[in-house]
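Taking it in order: structure first as structure tokens, then the write-up.
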Amino acid sequence: MSSHSKPFGEFDLIERFFKTGSDSLRINVDQAVTLGIGDDCALIQPRGDEEIAITSDMLVEGRHFFVGAAPEQLGRKALAVNLSDLAAMGAKPTGFTLAIALPTVDHAWLEAFSKGLFAIAKEYSCPLIGGDTTAGPLTISITAFGSIPTGKAIRRSGAKAGDDIWVSGTVGDARLILAALRHEIILPAEDLQKIERRMHNPTPRIELGMQLRNIASAALDVSDGLLGDLRHILKQSQVDAEIQLDQLPKSATLQKQNVSIQNQFAACGGDDYEICFTAPASQRENIQAISKSIGLPLTIIGKIVSKKDVEVKVDLLDDSGTLLSDVEAAPFLNSFDHFAS
């Protein structure tokens, strides 16, 4: 980002780019926020029959997004990934805090970033209620808050043997875009345009999460790769899983690639921000009704099975139902490691 010639302090920055947008969102009387930006702390007043869900995500330039990424898209995505966590728990967004380190104060960059940030905040009635700014390498850290009826949160620990494993939408497109940007794969401009929002502008599945409160036995959002993330449910629930690779939902664009790339990108690509959840087979009709009511495809990709060993296991089956060997399955079970070089 380029520097700006006029001196501009921390409080000037907060007032101009963040407080005004925050105040405009807090007029919603349904919000539980009783005090926002301006004091040492924000105040949230949950209803007596609700719990507060809290989640944090950090995005670092060069690690989680490209150097020079479009600031408006970045502002939207920074909040979207936190809202996706709330969705996975079945929470309704309440508010969020933003801590941001900036190499320099670039007014044009901040205008675009705050525009994207407040656009999605308004869409999901989730006001900015506090935060911090400082100088440093571009780093964006958001903590989001949501409300859930007491005892209705969808945890990772409730999956049972016999449950279906579901995933929302399609998976693998964000990894396909990344491959194109890295010049690993050549994508026609038309195909790139069709799916690029999956990487830069993910859709938090808030409505789905809330409707799954009394249906799903376990859930999480898919951020680091579908099957790698699924292992977190398996570990918390002390179960294993069987997955049909050919049942992983893929976009028409991804299906133009060879089957090996299709399956690998869908299984462990990351950045999908869909919801993977488990539910008893008896809930299939209810889940299909939810899918229809919110206009979002929901697909069964496998089932939960009893744990066989100390380590959790994901068995992968090909389109003929044949079990893949451990060597054959390994490429599909990786997930993004935030500390890998």
Side-chain angles (χ1 to χ4, degrees), residues 53-55 57 77 79-93 120 123-124 126 144 146-149 152-160 163-175 197-199 201-237 239 241 243 247-251 265-281 283-284 286-304 314 335-336:
I54 306 170
T55 181
D57 266 299
K77 184 173 182 178
L79 181 53
V81 300
N82 283 268
L83 295 179
S84 185
D85 285 332
L86 294 181
M89 295 287 288
K92 178 182 178 181
I120 188 170
E123 183 178 346
Y124 292 95
C126 187
S147 60
I148 312 174
K152 298 298 184 182
I154 310 169
R155 307 185 183 200
R156 297 178 176 183
S157 57
K160 300 287 191 297
D163 284 357
D164 294 325
I165 302 171
W166 298 76
V167 70
S168 63
T170 60
V171 287
D173 283 347
R175 179 63 181 90
R197 72 178 306 277
R198 295 303 309 276
M199 180 178 187
N201 189 16
T203 301
R205 305 302 188 185
I206 295 293
E207 183 61 30
L208 172 63
M210 291 193 295
Q211 293 208 33
L212 288 175
R213 284 173 183 164
N214 296 308
I215 291 174
S217 53
L220 48 61
D221 85 316
V222 180
S223 55
D224 298 329
L226 173 58
L227 299 188
D229 283 340
L230 173 62
R231 292 175 69 91
H232 298 309
I233 287 179
L234 305 184
K235 184 175 181 180
Q236 293 285 341
S237 298
V239 291
I243 298 293
Q247 294 302 306
L248 300 185
K250 311 170 187 86
S251 70
F265 285 8
C268 61
D271 244 16
D272 296 302
Y273 298 103
E274 296 292 349
I275 302 298
C276 177
F277 63 97
T278 62
Q283 294 287 356
R284 287 180 185 177
N286 290 329
I287 293 169
Q288 289 162 355
I290 291 172
S291 174
K292 184 176 180 180
S293 71
I294 64 176
L296 177 65
L298 302 174
T299 306
I300 296 176
I301 61 171
K303 65 180 180 180
I304 297 294
V314 179
S335 59
F336 180 74

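Positions are given from 1 along the sequence.
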Exercise for the section: Would you tell me whether Ser157 and Gln236 have side-chain atoms, one donor and one acceptor, within less than 3.5 Å of each other? Expected result: no

Handout entry: Shortest non-hydrogen separation from Trp166 to Leu298 and the atoms involved
Key = CZ3-O, 3.5 Å

Practice task
Calculate, to the nearest 0.5 Å, the distance between atoms CD1 and CD1 belonging to Ile243 and Ile301 respectively.
Solution key: 4.0 Å

Exercise for the section: Check Leu212, Leu220, Ile215 against Ile154 for a side-chain contact (heavy atoms from CB on, under 4.5 Å) and give me the one that passes. Expected result: Leu212

Problem - Distance-only polar pair, side chains of Lys152 and Asn214, donor-acceptor under 3.5 Å - result: yes

Problem - Minimum heavy-atom distance Gly146-Leu86, with the two atoms named - result: N-CD2, 3.9 Å

Exercise for the section: Using distance alone, with no hydrogens and no angle criterion, decide if Arg155 and Ser237 have a side-chain donor and acceptor under 3.5 Å apart. Expected result: no

Exercise for the section: In sequence, state the C-alpha distance, the side-chain angles, and the governing distance for Met89 and Ile148, and then conclude on side-chain contact (heavy atoms from CB on, under 4.5 Å). Expected result: CA-CA 8 Å; Met89 295 287 288; Ile148 312 174; 4.1 Å; yes

Exercise for the section: Look at the side chain of Ser217 and the backbone N and O of Thr278, then say whether any donor-acceptor pair between them is shorter than 3.5 Å. Expected result: yes

Problem - Backbone N/O of Gly90 and side chain of Arg213: donor-acceptor pair under 3.5 Å - result: yes

Exercise for the section: Test salt bridge (Lys or Arg N to Asp or Glu O under 4.0 Å) on Arg284 and Asp164 and set out the steps. Expected result: CA-CA 9 Å; Arg284 287 180 185 177; Asp164 294 325; 2.7 Å; yes

Handout entry: Minimum heavy-atom distance between Ile233 and Ala218, given as atom pair plus value
Key = CG2-CB, 4.0 Å

Exercise for the section: For Asp272 and Thr170, indicate whether the former's side chain and the latter's backbone hold a donor-acceptor pair under 3.5 Å. Expected result: no

Practice task
Look at Glu274 together with Arg198 and state whether they make a salt bridge at an N to O cut-off of under 4.0 Å.
Solution key: yes

Exercise for the section: Output yes when a side-chain donor or acceptor of Ser291 lies under 3.5 Å from a complementary backbone atom of Leu296, and no otherwise. Expected result: yes

Practice task
Identify the residue among Pro204, Cys126, Pro202 that makes a side-chain contact (heavy atoms from CB on, under 4.5 Å) with Ile120.
Solution key: Pro204

Exercise for the section: Tell me, with the steps shown, if Tyr273 and Thr203 meet side-chain contact (heavy atoms from CB on, under 4.5 Å). Expected result: CA-CA 7 Å; Tyr273 298 103; Thr203 301; over 6 Å; no

Handout entry: CG-OG distance between Asp57 and Ser84, expressed to the nearest 0.5 angstrom
Key = 9.0 Å

Problem - Which atom of Arg205 lies closest to which atom of Ile275, heavy atoms considered - result: CB-CG1, 3.7 Å

Practice task
Apply the test side-chain contact (heavy atoms from CB on, under 4.5 Å) to residues Cys268 and Leu227: give CA-CA distance (whole Å), side-chain angles for both, the deciding distance (0.1 Å), then the verdict.
Solution key: CA-CA 6 Å; Cys268 61; Leu227 299 188; 5.8 Å; no

Problem - Distance-minimising heavy-atom pair for Leu230 and Ala241 - result: CD2-CB, 4.2 Å

Exercise for the section: Before accepting this row, confirm whether a basic side-chain N of the pair Lys77/Asp271 lies closer than 4.0 Å to the acidic partner's carboxylate O. Expected result: yes

Handout entry: Contact summary for Asp229 and Asp221, nearest pair of heavy atoms
Key = OD2-O, 3.6 Å

Practice task
Can you measure from CZ (Arg156) to SG (Cys276) and round to the nearest 0.5 angstrom?
Solution key: 10.5 Å

Handout entry: Approximate separation, where rounding is to 0.5 Å, of Leu79 CG and Tyr124 OH
Key = 9.5 Å

Exercise for the section: Answer whether the closest heavy-atom distance between the side chains of Ile304 and Leu234 falls below 4.5 Å. Expected result: yes

Handout entry: Full working for side-chain contact (heavy atoms from CB on, under 4.5 Å) between Gln211 and Ile290
Key = CA-CA 7 Å; Gln211 293 208 33; Ile290 291 172; 3.5 Å; yes

Problem - Side-chain (Asp163) to main-chain (Lys160) donor-acceptor, under 3.5 angstrom - result: yes

